[in-house]
Amino acid sequence: MTAGKITLHRLREMKKAREKIACLTAYDASFARVLDEAGVEVALIGDSLGMVMQGLGSTVPVTLADMIYHAACVARGCERALRVADMPYMCYASPAQALGNAARLMSEGLAEVVKMEGGAWLADTVRLLSERGVPVCAHLGLLPQSVHRMGGYRVQGRDATEAEAIREHAKILQSAGAMMLVLECVPRRLAARITSELSIPVIGIGAGPDCDGQVLVLQDVLGIGRATKHTRNFLDGDCRNIPEAIAAYVRAVKSGEFPAAEHGFD
Ligand code: KIV
């Protein structure tokens, strides 16, 4: 293993030491290399590739073959960062289906962790995968694969009942064996509480500054994605090129400068 290679163990140490974790999406080898050199700890091969690479309207049509292809491309550019890859829509509807598809994402796509969107209903799946040696990252809050059920891309957990449910789901998934959690678009206070209650690293996007780390979609950091409240274009001001912008993102996450209050939700 490359010296300094980021592992799940290292991310746990960072959480304990209160050292912020910088995570960014990557979809190809060239950008993966830039991320790696900038000190990004987690390269997320997100199914957001459906939107930013394929021009689709949502992540729903992304296939396992797409994910394997992009994850394998990223693996060729990345030496240090931990590679987490999304299990796409309907690839984990049952534990057995999830196990077969996660195995392909790891053996063909060279993913090191697989990410799945959903709550307690995934506990058996997380348990089975963990027992079989597949590390799992859970994903709660706004679930883009459920955009049609959720009625759009909206902040989750604003009312007390919903917030309590998200907290419960997080605990259940950690107990089932999840080794990381992505929290998307939830109020700052809820994210802070979940982060302090869990022992696994919690990576936020639109979840305020108190998570153990932050993730953004690469194109948003470079000002060519959707400009939303929780994103920031780092390819501006003093940054003259893409590597400088990505390094600025890493510095801003590490120092706590990003996300600022204006990037979060109450
Ligand atoms: O697909 C993706 O890029 C993601 C992040 C936005 C968390 O899941």
Side-chain angles (χ1 to χ4, degrees), residues 11 21-28 31-32 35 40-64 66-71 73-74 78 81-92 105 109 111 113-119 122 136-147 150 152-157 166 170 173 178 180-186 191 194-195 200-208 211-222 224-232 246 249 253 258-259 263-265:
L11 296 186
I21 299 164
C23 173
L24 202 53
T25 65
Y27 314 103
D28 67 23
F31 277 99
L35 260 63
V40 168
E41 275 100 9
V42 179
L44 172 65
I45 303 96
D47 59 358
S48 50
L49 67 85
M51 283 135 119
V52 297
M53 303 295 290
Q54 300 174 329
L56 296 166
S58 79
T59 59
V60 172
V62 174
T63 66
L64 184 65
D66 294 333
M67 293 309 304
I68 291 173
Y69 172 78
H70 286 279
C73 292
V74 168
C78 221
L82 181 73
R83 298 184 304 278
V84 179
D86 265 326
M87 292 275 274
Y89 181 70
M90 276 310 148
C91 273
Y92 48 100
L105 204 43
V113 178
V114 302
K115 177 162 85 57
M116 294 183 288
E117 297 179 9
L122 272 175
V136 174
C137 175
H139 183 148
L140 290 170
L142 171 56
L143 309 178
Q145 290 174 15
S146 303
V147 59
M150 289 183 155
Y153 297 99
R154 346 157 71 94
V155 179
Q156 303 293 308
I166 295 174
L173 292 168
M180 289 173 71
L181 170 67
V182 166
L183 263 186
E184 180 163 355
C185 291
V186 299
I194 293 173
T195 304
I200 58 174
V202 176
I203 311 295
I205 172 165
C211 298
D212 300 308
Q214 299 293 327
V215 59
L216 281 181
V217 169
L218 174 65
Q219 278 73 2
D220 295 342
V221 165
L222 302 179
I224 52 171
R226 291 169 307 146
T228 54
K229 182 170 160 64
H230 64 272
T231 62
R232 178 177 144 190
I246 294 175
Y249 166 71
V253 169
F258 179 82
H263 302 116
F265 305 99

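Numbering of ligands and ligand atoms starts at 1, following listing order. Since the structure is predicted, the reported quantities are computational estimates derived from the model, not experimental observations.
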With heavy atoms of G46 as the reference, note each atom of ligand 1 found under 4.0 Å away. 1 (O), 2 (C), 3 (O)
Within the distance-only criterion (no hydrogens, no angle test), does the side chain of Y89 pair as donor or acceptor with the backbone N or O of S146 below 3.5 angstrom? no
If you measure from each non-hydrogen atom of D86 to ligand 1, which part falls under 4.0 Å: side chain, backbone, both or neither? side chain
Decide if atom OH of Y153 counts as having more than 12 heavy atoms of other residues, nucleotides or ligands within a radius under 6.0 Å. yes
Going by the atom numbers of ligand 1, which of them fall below 4.0 Å from some non-hydrogen atom of I205? 6 (C)
Output yes when the distance from some N or O of ligand 1 to some N or O of Y27 is under 3.5 Å, and no in every other case. no
N/O to N/O below 3.5 Å, does that happen between E117 and ligand 1? no
Just to confirm my output: which protein heavy-atom neighbour is closest to atom 3 (O) of ligand 1, and how far is it? S48 OG, 2.5 Å
If we only count N/O pairs under 3.5 Å, is T25 in contact with ligand 1? no
Using the six-membered ring wherever Trp is involved, compare the ring planes of F258 and H263 and label them parallel, tilted or perpendicular (cut-offs 30° and 60°). tilted
State whether the side chain of K229 and the backbone N or O of G264 hold a donor-acceptor pair below 3.5 Å, judged by distance alone. yes
Can you sort out which atoms of ligand 1 are near H139, meaning under 4.0 Å from one of its heavy atoms? 8 (O)
Heavy-atom check, side chain of P144 versus side chain of H139, under 4.5 Å: yes
Nearest 0.5 angstrom please: M67 CE to D86 CG, how far? 5.0 Å
Output the distance between atom CG (L143) and atom OG1 (T59), rounded to the nearest 0.5 Å. 10.0 Å
To which protein heavy atom is atom 8 (O) of ligand 1 closest, and what is the distance rounded to 0.1 Å? K115 NZ, 2.9 Å
So is D47 polar-close to ligand 1, meaning N/O to N/O under 3.5 Å? yes
Heavy-atom count around F265 CZ within 6.0 Å, excluding the residue itself: above 12? yes
Heavy-atom nearest neighbour of atom 5 (C) of ligand 1 within options V215, L44, L142: L44
